[in-house]
Amino acid sequence: MHELKFDPGMCGRCTTIDCIMKCQYLHYDLKTALSEHERLVDGEQSTILTDCVTCYACEEYCPYHNHPFYLIVDRQEELGVHPVPKPLEKSQVVMMGPRGKIRPKTLSPPVINMCFFTVMNACIRGRLFEGASLIGGSDIFCNLMFLHFARNSTIRQRLPQMIENIMKNYLEPSGVGELVCYHDECYGTYTSWAPAYGIEVPFRPVHLFDFIYRRLLELKADIKPLGVTVAYQRPCSNRLCPHTDHFVDDIFSLIGARRPKREFEYEHALCCGGVPEAQQRFELTEELQAKNVEDMKAAGAQYCVFNCPFCFWTLAERVFKAGLVPIMMSDLCLMALGE
Amino acid sequence: MDQIHERLTEIVGAAYVSDAAEEKFIYSRDQGVQEPHAPDYVVLPGSAEEVSAVVGLANREKIPVVPMGGGLVLSGLTIPQKGGIVLDMKRMNRIIEVNEKSHYAVVEAGTSQGMLDAYLKKHHSALKHSLPDAPPVATIAGNIAIHGSGHLSQSEGGFHSEMVTGLEVVLPTGELVRLGSCSTVPGWFSRAPLPDLVGLFLGWNGTTGVITKVGIKLYPRPPYHDVLVFMTEDIDAAPDILCRIINTGMAEDINYALAPKPDYLNGFQMTVINITAHSEEELGMKKKIIRESLRHYFETKEAGFMPVPPNLKANFLEVPQKALSKFADVRKGGGFEYVGAIMPLEKIPQACRAGMEITGRIGITYSLGARIIGRGHSAMFFFAYPFNRADASEVGKVARALEETNETALKLGGIPWKTEISGQQLILRQMDPQTRELMEKIRGVLDPNRIMNPGNWEVA
Ligand SMILES: Cc1cc2nc3c(=O)[nH]c(=O)nc-3n(C[C@H](O)[C@H](O)[C@H](O)COP(=O)(O)OP(=O)(O)OC[C@H]3O[C@@H](n4cnc5c(N)ncnc54)[C@H](O)[C@@H]3O)c2cc1C
Ligand code: SF4
Ligand code: SF4
């Protein structure tokens, strides 16, 4: 059921092993990368499985879109590698599980999927989101976070039901074909993970930045350029949809924000530290967060903009203590609209 | 108006004595499962002299006297079993002295935990006292009278009764006495080096006299706080895990808990480790040392530290823990009682299993857990049972569970704390006869007419 579309032959022919060689957390020479990756493909134990930070980045690094990260997660699960302690993993599986409370509702577009983060509903306000309908919660949760827990099986098991819930309860009764994904994680699920596992997505997912950008174009006359320098904390799930990254620049140019040159940006973006902390790699967490925030400061950033609530919760305090203002992308745009 | 009422009115003033049916109703019960008993009078004294006069009168007239603070003990210890006077101490709430250099405060007995905490925060912000997780209206005296414990009990010297530097007490015969250094010199700084008489009033549930003033130790209030939450699913690992954390010497407060709800925590145990520090660096260093002490567990992935999002962290950092008061009302209907058993750390796994077995069999919900006391010399293990007071069958079930839990705690080698009268009887039956006799002799000397909180600690 829902097997990963992965081509071992492609890896066999690959000479650069970009997936591993570009990884910012595994420091292998090409020879080791080759052999460890081969073990991975062959279904054998590999240090990749135990040392992977689950940053999702190799999905972006593989030039052939061969899904190296999804393979890692499958192998971790097959070989019983638990990146996160078992009690935390098991508890999350229950916590994020569907509650079966969803009921059909007619909604007016745009329909914004808040993922599990309904606590962030207050971010969806003002002219930017005028008329939007919000949906969210455990019954429509993409469950992609289980990539961090070596539990592709949980996603495989739950996602089809979630998609059906969205369709039957919200989109079909409303005659809506488009779903704006508040979180990169949902967008990545529908545009990358689901196709990789042969799961059909019957609606058109729209990235939040894409939506915001189009709205800002409509409201262009009302924008007061912010004139501030803003560092962007790219979330792991954006690695599944790198083609959306340009929207950050597009939005910034509309709202008059400057994206400073940074060492840890774009392909080299650093993890917020939340997942390594869950993996109990506390020194690494500290190192990543320090490097990341130092880099933002050194680049002259005044704000740090987030799209992922989890990154925000993990890093906001540290960012603030470093003298930068932590802010969600939607709020930054609202600021530019004087709201 | 009867004569006693008249005399009481003369002592405390008409506004502060009542025999009205509605007052008697309220003072006849608490939040637990114990049978209500109405007092004949409710009296709110305003000074030690008034307490002395009221108790003197009661002694002459052989009227029972039940001292009461916040009335939050839950196990019926302020229910007047034989009627008489409930002496509600809440008017006596002055903070008399705070000695910053010698780290103590002197307060009147009815001073609430919340008042002292707020006062210290405002006027002596570098100092704090150890707060129980009881609602903040609980009083300092009521808490020490039952050997309470709180958020500094693990790091700063044990039960709150151990933090007492001196007492002023009205004896059951009406005399006002001072105990500790304040008996000899002006300062309330220490119980040593004098013969220690303070213990005659600690843990006695108000059966040996009425505390009117308390000298209580204060501790530094470091400005930096954080919390680590360690999650396990092996109950048997608890003593080792707790011991490792304690031995680092880095944790202020350590609480261990398990509950069937919410469902995502069912089957897991959480050890909540509160840390305070004077700087970010110190905080970071302490966290590092504590984490290191548990490396063995998280490296095997059998247990681990939970990342705590800011909203949850704010809850964990709260003192007192509001979550506990919320849990107390989880069944709605305002009923809550728990067996707090003081026991050795190594008994925690057995206590957890016993609590789950008893509640499972009887069919009630629970929260189980332990607060570490005095760097691991013991733990206050709680078997907490919320219930709906309007549901008689649920009340009955909880009463049964409490009784069985008391027995189990004793069997396990623990001692039920602030326990109901029936629990006290269980303890007394198991106690060394010579000890029991000594208790009885002491009470005979202090309270010849047996007016103080009758029913409690009574050797049959
Ligand atoms: C949600 C919740 C959480 C709790 N958490 C804790 C906790 O963390 N730690 C803890 O220790 N307790 C806890 N408790 C139990 C209890 O509420 C506290 O111990 C509280 O401090 C008792 O104080 P009180 O003023 O309410 O005492 P009361 O209930 O008024 O009295 C307790 C006993 O002391 C006697 N007494 C009261 N005042 C005097 C006096 N002036 N002189 C002589 N005897 C007196 C009474 O006769 C009675 O026997 C909790 C209770 C609840 C409801
Ligand atoms: S996953 Fe991609 S980058 Fe990695 S070895 Fe295979 S083809 Fe090469
Ligand atoms: S997910 Fe990240 S850490 Fe893991 S191998 Fe891929 S790039 Fe490296």
Side-chain angles (χ1 to χ4, degrees), chain A residues 49-50 76 79-100 116-120 138 145 148-150 271-287 289-290 308-322 326, chain B residues 224-238 241 256-271 273 279-281 283-315 317:
Chain A
L49 300 179
T50 45
Q76 283 177 327
L79 295 168
V81 174
H82 295 266
V84 172
K86 290 177 215 168
L88 275 67
E89 175 192 323
K90 290 182 194 169
S91 159
Q92 287 294 308
V93 171
V94 181
M95 183 194 276
M96 310 312 264
R99 303 274 153 176
F116 200 81
F117 298 107
T118 46
V119 288
M120 304 300 283
S138 64
M145 62 171 275
H148 296 301
F149 294 81
C271 160
C272 68
V275 170
E277 190 186 350
Q279 294 182 343
Q280 317 291 295
R281 296 162 81 170
F282 306 113
E283 292 84 6
L284 179 64
T285 305
E286 175 56 35
E287 182 195 321
Q289 294 184 341
C308 168
F310 186 67
C311 292
F312 185 90
W313 293 328
T314 305
L315 215 52
E317 189 180 338
R318 188 152 193 154
V319 161
F320 179 74
K321 281 183 181 158
Chain B
Y224 292 87
H225 296 197
D226 210 340
V227 68
L228 294 175
V229 180
F230 196 64
M231 198 172 181
T232 48
E233 60 175 333
D234 175 11
I235 290 175
D236 292 313
I241 287 172
Y256 177 82
L258 57 143
K261 291 228 167 81
D263 57 359
Y264 54 83
L265 294 182
N266 190 11
F268 305 107
Q269 309 89 42
M270 319 280 265
T271 302
I273 309 150
S279 65
E280 289 263 14
E281 292 70 34
L283 200 64
M285 185 265 300
K286 285 182 161 175
K287 285 197 287 188
K288 202 169 164 186
I289 292 173
I290 291 171
R291 281 173 176 148
E292 205 49 43
S293 73
L294 298 175
R295 179 173 287 281
H296 159 74
Y297 285 94
F298 65 69
E299 275 191 351
T300 59
K301 301 289 162 91
E302 295 302 331
F305 289 95
M306 234 176 80
V308 187
N311 56 333
L312 201 59
K313 188 174 275 192
N315 294 345
L317 290 176

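Letters go in sequence order (proteins before strands), and every chain restarts at 1.
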Heavy-atom cut-off 4.5 Å, strictly under: side chain, backbone, both or neither for [X] against chain B?
X: A:Glu283; answer: side chain
X: A:Lys90; answer: both
X: A:Val84; answer: backbone

- [ ] Would you check if the side chain of A:Gln280 reaches a backbone N or O of B:Phe305 as a donor-acceptor pair within less than 3.5 Å?
- [x]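 The answer is yes, because a donor-acceptor pair under 3.5 Å joins these two groups.
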
Task: Contacts with chain B made by residues 92-99 of chain A (heavy-atom distance under 4.5 Å), listed by residue number - done: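 So the qualifying residues are A:Val94, A:Met95, A:Arg99.
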
Open item on the list: Within residues 287-297 of chain B, which residues come under 4.5 Å of chain A, heavy atom to heavy atom?
Closed with: B:Arg291, B:Glu292, B:Arg295

Open item on the list: Non-hydrogen contacts under 4.5 angstrom with chain A: give the residues of residues 256-265 of chain B involved, or none if there are none.
Closed with: B:Asp263, B:Tyr264, B:Leu265

Open item on the list: How close do A:Gly274 and B:Pro307 get, counting heavy atoms only, and between which atoms?
Closed with: O-CG, 4.4 Å

TODO: Indicate the atoms forming the closest heavy-atom contact of B:Lys301 with A:Pro83, along with that distance.
DONE: NZ-O, 2.9 Å

- [ ] Any pair with a residue in residues 80-89 of chain A that passes side-chain hydrogen bond (donor to acceptor under 3.5 Å, both in side chains), sequence neighbours left out, goes on the list, sorted by first then second residue, please.
- [x]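 Qualifying pairs, neighbours excluded: A:His82-A:Glu89, A:Lys86-B:Glu302, A:Glu89-A:Arg151.
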
Open item on the list: What I'd like to find out is whether the side chain of B:Pro310 reaches to under 4.5 Å of the side chain of A:Glu317, using heavy atoms alone.
Closed with: no

- [ ] To the nearest 0.5 Å, tell me how far A:Glu277 CD sits from B:Met306 CE.
- [x] 10.5 Å

TODO: Counting only heavy atoms closer than 4.5 Å, note whether B:Glu280 contacts chain A via side chain, backbone, both or neither.
DONE: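 Contact with chain A is through the side chain of B:Glu280 alone.
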
